Q: 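Submitted below is the structure of interest, expressed as structure tokens.
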Amino acid sequence: MTDERYDYQPGTIEPKWQERWATEGTFKTPTDRTKPKYYVLDMFPYPSGAGLHVGHPKGYVATDVVARAKRAQGCNVLRVMGWDSFGLPAERQAVKEGKHPREITTRNIATFKGQLQQLGLSYDWEREVATSDPDYYRWTQWIFLKLYKAGLAFQAEVPVNWCPALGTVLANEEVHDGVYKETGDPVEARLMKQWMFRITDYAERLLAGLDDVDWPEGIKRLQRDWIGRSEGADIRFAVAGSEATIEVFTTRPDTLFGCTYVVLAPEHALVEALTSDAQRAAVAAYVESTGKRTERDRKAQAADAPKTGVSTGFMAINPVNGEQIPIWIADYVIGSYGHGAVFACPAHDVRDHAFAKTFDLPIKEVVAGGDVTQEAYTGDGPHVSSSFLDGLEIDAAKAKITEWLTSEAKGSGVVRFALRDWLFSRQRYWGEPFPLVETEDGTTHTIPEDQLPVLLPELDAYKPTEDGRPPLARATDWVQTEVSGKPARRETNTMPQWAGSCWYYLRFTSPTRDDMAWDPEEEAYWMPVDLYVGGAEHAVLHLLYARFWHQVLYDQKLVSTPEPFKRLFNQGMVHATSYTDERERYYYPEQVEEVDGKWVTKEGALPLKTKLEKMSKSKCNVANPDDVCAKFGADALRLYELFMGPLEDGATWTTDGVSGTRRFLDRLWRVVINDETNALSAKIVSEEVDNKDLERALHLGIKVMSEAVDTLRFNVAIARFMEFVNEATKAKQVPQAWIESFLCALAPLAPHLCEELWERLGHEGGISLVPWPSYDEAVLKVETVKLVVQINGKKKGEVELAPDASQDEALAAAKALEKVAAAITGKTIRREIYVPGRLVNIVAN
RNA sequence: GCUCUCGUAGCCCAAUCGGUAGAGGCAACCGACUUAAAAUCGGUCCAGUCCGGGUUCGAGCCCCGGCGAGAGCACCA
């Protein structure tokens with residue numbers, strides 16, 4: 001073959017450099033401590049069987065670019081990857097295939113790792129961790145003991161979200177509309193003994209800590225809402241003809257004079273005691289019916305939704321005026337919030353108003369300003385019909401009534417949180433065993449730290465037992481143990497998947513230590529995480545739980561920073577077009593075609609709907625990074641992931657788009673390499689060249705890229721780089737020094753190609769070790785700028801001036817324009833505006 | 001129902017403190033090269049910024065009210 005060409009071949013150079021980085025240990029975490037540190041972290045993935053699609057690497061590529069640039073900028077960088085590898089899907093797959101979950105997990109990790117490695121991500125793979133590895137979960141158990149010994153773990157008989165299909169309970173956060181968010185299996189309420197964490201003890205701290213971190217405001221707000229701090233008062237109501245006292249929580253104690261009834265949640269402890277014989281049947285029926293209702297039935301209830309309830313026949317006594325008011329039961333009151341009971345003020349609460357209307361209960365106005373016969377008035381105004389509160393506005397009235405309640409011993413001011421204690425046990429196999437045993441007298445004992453880990457017993461069936469105990473109960477030999485000679489039973493629950501991800505960022509600082517969870521010196525050096533990148537779906541759960549553990553560890557002086565994640569960044573999702581027919585069946589892009597602007601199936605020409613949706617296997621719209629790498633190369637894929645748009649926005653995947661970034665790399669290659677001879681291109685010269693456009697493009701590119709490392713707005717930087725390559729393609733000569741600076745700035749984005757060209761340009765050491773290129777502001781300056789000249793905001797012409805011209809010069813030049821002179825003749829100049837480098841505006845009439 | 005984010009060329013996206021809309025890419029089209037095509041190179045086309053008000057000398061950007069898309073929350077007393 002004589003027409004052999006030497007064009008850009010990512011298929012050859014990418015494996016070459018990946019191998020080189022691995023053998024030379026290029027991305028090994030530095031051990032010297034003389035440089036500033038930078039800890040950049042990805043939210044580690046759950047290694048699912050489906051493998052990666054092109055949406056996953058978006059965040060990883062962004063952090064990789066930051067990591068590579070920070071190294072070049074003189075930082076010691078900690079850049080690591082691991083696996084959140086405990087979890088239900090592996091267990092289910094294990095059942096399906098008749099294999100052990102460990103086997104499934106190992107296989108999936110290998111797939112994920114291979115897919116990530118071909119992208120050339122600069123992880124220090126020697127620090128890889130997996131939460132399901134005994135060397136790792138040993139320390140998860142160790143941290144559990146720290147929390148346990150701090151009195152933060154407790155067992156409680158609690159109503160839980162029981163999922164019959166999975167045979168386990170779920171956390172509140174995992175349930176939505178009465179179904180498990182992940183699988184859609186229905187969830188029902190059940191009373192069970194469970195391990196809980198007193199995360200509520202940290203509610204105030206978790207709230208306050210948000211003020212000190214650089215997180216998107218939206219995420220902070222979600223966490224604040226989730227924690228849900230509210231100030232109010234506890235008020236005690238006596239009951240006529242009973243010794244019982246009903247305690248209620250309210251944020252509006254000022255409306256106490258407007259109270260016309262009291263409501264208990266159906267599950268309230270006093271329901272039995274406070275039901276009259278006449279109402280007993282009705283109450284029992286109501287309690288039964290609401291108990292049966294799963295949350296799925298109750299789902300989307302707005303505040304003014306139709307209300308149900310039943311009277312108990314008992315009367316409560318309003319502590320502030322001695323009035324007798326009826327006690328009702330209704331499911332709009334939630335048993336688990338506050339005291340599971342409220343006093344109702346229909347005039348000033350939407351829910352109470354709807355209830356009072358339904359059951360024809362009195363509505364008594366105590367804050368003037370609305371028409372309470374029509375709707376609840378929740379705005380401010382002077383209090384009326386409220387004795388000593390009359391005339392006061394809400395805040396003052398709240399303070400005064402709270403003071404009164406306190407002095408009369410009928411109540412007190414309190415702060416309450418919507419945050420609930422964290423339900424921490426699961427009835428699954430593939431999770432961390434608790435390091436706990438129970439003796440026959442019911443006492444719980446901890447396993448000594450030096451006996452950790454408590455290993456998962458080997459089982460061949462992973463379902464709960466017939467009588468509903470967790471899968472670990474099947475390991476009868478394992479369960480039976482002893483404590484100081486006395487027989488004892490091991491805890492058979494396992495920890496939820498959140499456990500491992502609550503502290504993996506700490507393990508990464510010294511992942512191979514087998515004598516401690518982390519080395520305090522390493523922790524002190526690397527923490528906090530400087531940049532944490534992941535999806536917004538973890539806004540509440542993972543980030544709140546991890547902060548909670550971290551704060552506990554901080555209190556025990558086990559970590560050096562009060563917050564784990566200094567800066568958080570959420571990358572947007574990658575969407576792709578999906579095709580569905582009338583029956584909502586999905587089709588692969590290969591199965592469809594466009595006819596006259598309409599999409600139909602190739603076979604049978606069924607009409608189709610197109611939609612932009614989150615990439616997902618079930619929607620037949622995933623693009624596989626392996627295919628993209630094979631066709632365009634990892635560097636083109638990396639560039640396109642970031643070129644699609646701002647990192648935080650959702651983006652639409654188009655394979656045509658990748659061809660654009662690939663063409664950019666092809667052009668760059670041809671600027672440097674003569675693709676007919678495989679030698680350096682003749683346009684690369686060692687001497688200086690007078691080409692202002694090219695030089696400016698270079699410096700602008702470096703500048704914008706330097707900024708992008710902090711703002712993560714790589715899409716703009718890539719556009720600048722494209723301009724440079726376009727200029728360089730046009731140029732007759734390109735100084736080698738310029739192209740080298742350019743390669744250094746581009747290397748974090750397209751590392752394989754830049755390494756290769758760097759080597760071809762005669763350098764021995766890798767480009768990954770070369771310091772970050774600088775740019776010169778002076779080069780960016782242009783000699784003249786076009787100033788827009790306006791009269792009364794309307795464009796009349798342009799003048800060309802030096803960018804730093806004075807106002808007088810600019811105005812003089814503007815007025816010298818014929819059109820301008822004509823426009824201002826005979827008029828009074830009211831105002832003259834000069835924005836250097838931009839415009840001159842003369843306001844005249 | 002509530003909250004947040006986003007609406008700029010056919011499409012994806014730029015546009016500093018509010019300074020008079022275009023950097024880049026995709027697609028399309030034209031030309032060069034080619035027997036031809038692909039690839040490549042050069043070039044061209046294209047919007048007045050979702051709609052309606054307001055503030056301002058000046059609004060894509062700020063304010064108010066709609067419309068549309070996406071995400072989150074949902075009886076928390």
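Note: hydrogens, waters and symmetry copies are ignored here, and every other heavy atom, side chains too, is used. Please read these numbers as outputs of a predicted model, since none were measured by experiment.
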Q: Check every strand shown and say whether Arg830(A) touches a base, only sugar-phosphate, or nothing at a heavy-atom separation below 4.0 Å.
A: nothing
Q: Where the side chain of Ser659(A) is concerned, which of G42(B), C26(B), G24(B) is the nearest nucleotide?
A: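 The answer is C26(B).
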Q: Compare the minimum distances between each of C75(B), A14(B), G42(B) and the side chain of Thr729(A), then state the nucleotide with the smallest one.
A: G42(B)
Q: Sticking with atom C1', work out how far C63(B) lies from A23(B), rounded to a whole angstrom.
A: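 Nearest-Å result for C63(B) against A23(B) at atom C1': 30 Å.
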Q: What nucleotide among G19(B), C75(B), A23(B) has an atom nearest to a side-chain atom of Arg351(A)?
A: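 The answer is C75(B).
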Q: Across all strands shown, which nucleotide pairs with U35(B) by Watson-Crick or G-U wobble geometry, both distances under 3.5 Å?
A: none
Q: Is it true that the side chains of Ser806(A) and Tyr834(A) contain a donor and an acceptor less than 3.5 Å apart?
A: no
Q: Would you say the ring centroid of Phe721(A) lies under 6.0 angstrom from that of Phe742(A)?
A: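 Yes, ring centres under 6.0 Å apart.
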Q: Among C75(B), A27(B), A77(B), which is the nearest nucleotide to the side chain of Arg663(A)?
A: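 Per side-chain heavy atoms of Arg663(A), the pick is A27(B).
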Q: Does Arg667(A) make a side-chain N or O approach to OP1 or OP2 of G42(B) shorter than 4.0 Å?
A: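 For G42(B), OP1/OP2 do have a side-chain N/O of Arg667(A) under 4.0 Å.
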Q: Donor-acceptor pair, distance only, cut-off 3.5 Å: does the side chain of His348(A) make one with the backbone of Tyr377(A)?
A: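 Pair found, side chain donor or acceptor close to backbone of Tyr377(A).
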Q: Please measure how far the P atom in C67(B) lies from the corresponding atom in G52(B), and state the result in whole Å.
A: 15 Å
Q: Searching all strands shown, indicate the nucleotide that pairs with G65(B) (Watson-Crick or G-U wobble; both distances under 3.5 Å).
A: C51(B)
Q: Report the distance from atom CG of Asp7(A) to atom P of A38(B), rounded to the nearest whole Å.
A: 18 Å
Q: Could you tell me how far G58(B) sits from G42(B) if I compare only their C1' atoms? Round to whole Å.
A: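 About 39 Å, rounded to a whole number of Å.
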Q: Sticking with atom P, work out how far C62(B) lies from C17(B), rounded to a whole angstrom.
A: 12 Å
Q: Taking only the side-chain nitrogens and oxygens of Ser230(A), find out if one of them lies under 4.0 Å from OP1 or OP2 of A77(B).
A: yes
Q: Between P on C73(B) and CG on Leu544(A), what's the gap in Å once rounded to a whole number?
A: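 After rounding, the reported distance stands at 13 Å.
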Q: Mind running ring-ring contact (aromatic ring centres under 6.0 Å, His included) on Phe343(A) and Tyr261(A) for me, showing each step along the way?
A: CA-CA 6 Å; Phe343(A) 85 72; Tyr261(A) 60 101; 9.7 Å; no
Q: Where the side chain of Lys58(A) meets the backbone of Leu642(A), is there a donor-acceptor pair that is under 3.5 Å apart?
A: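 No, because the side chain of Lys58(A) does not come within donor-acceptor range (under 3.5 Å) of the backbone of Leu642(A).
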Q: Do Phe355(A) and Tyr332(A) make the cut of ring centroids closer than 6.0 angstrom?
A: yes
Q: Would you kindly give the CZ-to-P distance between Arg252(A) and C76(B), to the nearest whole Å?
A: 14 Å
Q: Between the side chains of Asp7(A) and Gln9(A), does any donor sit under 3.5 Å from an acceptor?
A: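 Yes, Gln9(A) and Asp7(A) have a side-chain donor paired with an acceptor closer than 3.5 Å.
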Q: Less than 4.0 Å between a side-chain N and a carboxylate O, is that true for Glu641(A) and Arg638(A)?
A: no
Q: Let me know the distance between CZ of Arg638(A) and P of G25(B), rounded to the nearest Å.
A: 21 Å
Q: Nearest-Å distance, CD (Gln223(A)) to C1' (G72(B))?
A: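 That distance rounds to 14 Å.
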Q: Reckon Leu222(A) touches a base, only the sugar-phosphate, or nothing at all at heavy-atom distances under 4.0 Å?
A: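 The residue Leu222(A) makes sugar-phosphate contact but no base contact.
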Q: Glycosidic conformation of C17(B), syn or anti, with 90° from 0 as the boundary?
A: syn
Q: Among the candidates A77(B), C75(B), A27(B), find the nucleotide nearest to the side-chain atoms of Asp656(A).
A: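 The closest nucleotide is A27(B).
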Q: If you check every side-chain atom of Tyr337(A), which of C76(B), G19(B), A14(B) has the closest atom?
A: C76(B)
Q: Report yes if at least one side-chain N or O of Arg831(A) is closer than 4.0 Å to OP1 or OP2 of C57(B); otherwise report no.
A: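 Yes.
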Q: Would you measure the distance from the P atom in C6(B) across to the matching atom in C64(B) and give it in whole Å?
A: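 These two P atoms come out 14 Å apart once rounded.
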Q: With a 3.5 angstrom cut-off on both distances, give the Watson-Crick or G-U wobble partner of G58(B), or none if there isn't one.
A: none
Q: Taking for each residue the nucleotide of RNA chain B bearing the nearest heavy atom, is the 5' side occupied by Val716(A) or by Leu839(A)?
A: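 Between the two, 5'-proximity favours Val716(A).
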Q: When rounded to the nearest Å, what value does the distance between P atoms of U3(B) and U8(B) take?
A: 24 Å
Q: Under 4.0 Å between a side-chain N/O of Arg670(A) and OP1 or OP2 of A39(B), yes or no?
A: no
Q: Determine the Euclidean distance between corresponding C1' atoms of G19(B) and U56(B); express it in Å to zero decimal places.
A: 12 Å
Q: Are Asn674(A) and Ser681(A) close enough that a side-chain donor and a side-chain acceptor fall under 3.5 Å?
A: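 No, no side-chain donor-acceptor contact under 3.5 Å.
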Q: So is Arg416(A) actually on top of Phe249(A)'s ring, under 6.0 Å and inside 45° of the axis?
A: yes
Q: Using the purine O4'-C1'-N9-C4 or pyrimidine O4'-C1'-N1-C2 torsion, is G48(B) syn (within 90° of 0) or anti?
A: syn
Q: Measure the distance from NZ on Lys398(A) to C1' on A77(B) and round it to the nearest whole Å.
A: 11 Å
Q: Using a heavy-atom cut-off of under 4.0 Å over every strand shown, decide if Arg416(A) touches base, sugar-phosphate, or nothing.
A: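 Nothing, no heavy atom under 4.0 Å.
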Q: Provide the distance between the two P atoms, one in C26(B) and one in G43(B), to the nearest whole Å.
A: 15 Å
Q: Let's test this: given Watson-Crick or G-U wobble pairing with both distances under 3.5 Å, identify the partner of G70(B).
A: C4(B)
Q: Generate the contact string for nucleotides 3-13 of chain B. Rules: B means base contact, S means sugar-phosphate contact only, - means no protein heavy atom under 4.0 Å.
A: SS-------SS
Q: Identify which nucleotide among G19(B), A77(B), C57(B) has an atom closest to any side-chain atom of Arg838(A), counting heavy atoms from C-beta outward.
A: G19(B)
Q: Using atom CG of Asn570(A) as one end and atom C1' of G72(B) as the other, report the distance to the nearest whole Å.
A: 12 Å
Q: So which nucleotide does C75(B) pair with, by the Watson-Crick or G-U wobble rule with both distances under 3.5 Å?
A: none
Q: Rounded to whole Å, how long is the line connecting atom CD of Gln807(A) with atom C1' of G19(B)?
A: 14 Å
Q: From C-beta outward on Asn726(A), which listed nucleotide comes closest to its side chain: G19(B), G24(B), C76(B)?
A: G24(B)
Q: Who does U44(B) pair with, Watson-Crick or G-U, both distances under 3.5 Å?
A: A28(B)
Q: Counting distance only, does the side-chain N/O of Asp352(A) pair as donor-acceptor with the main-chain N or O of Cys345(A) below 3.5 Å?
A: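 It does hold such a pair.
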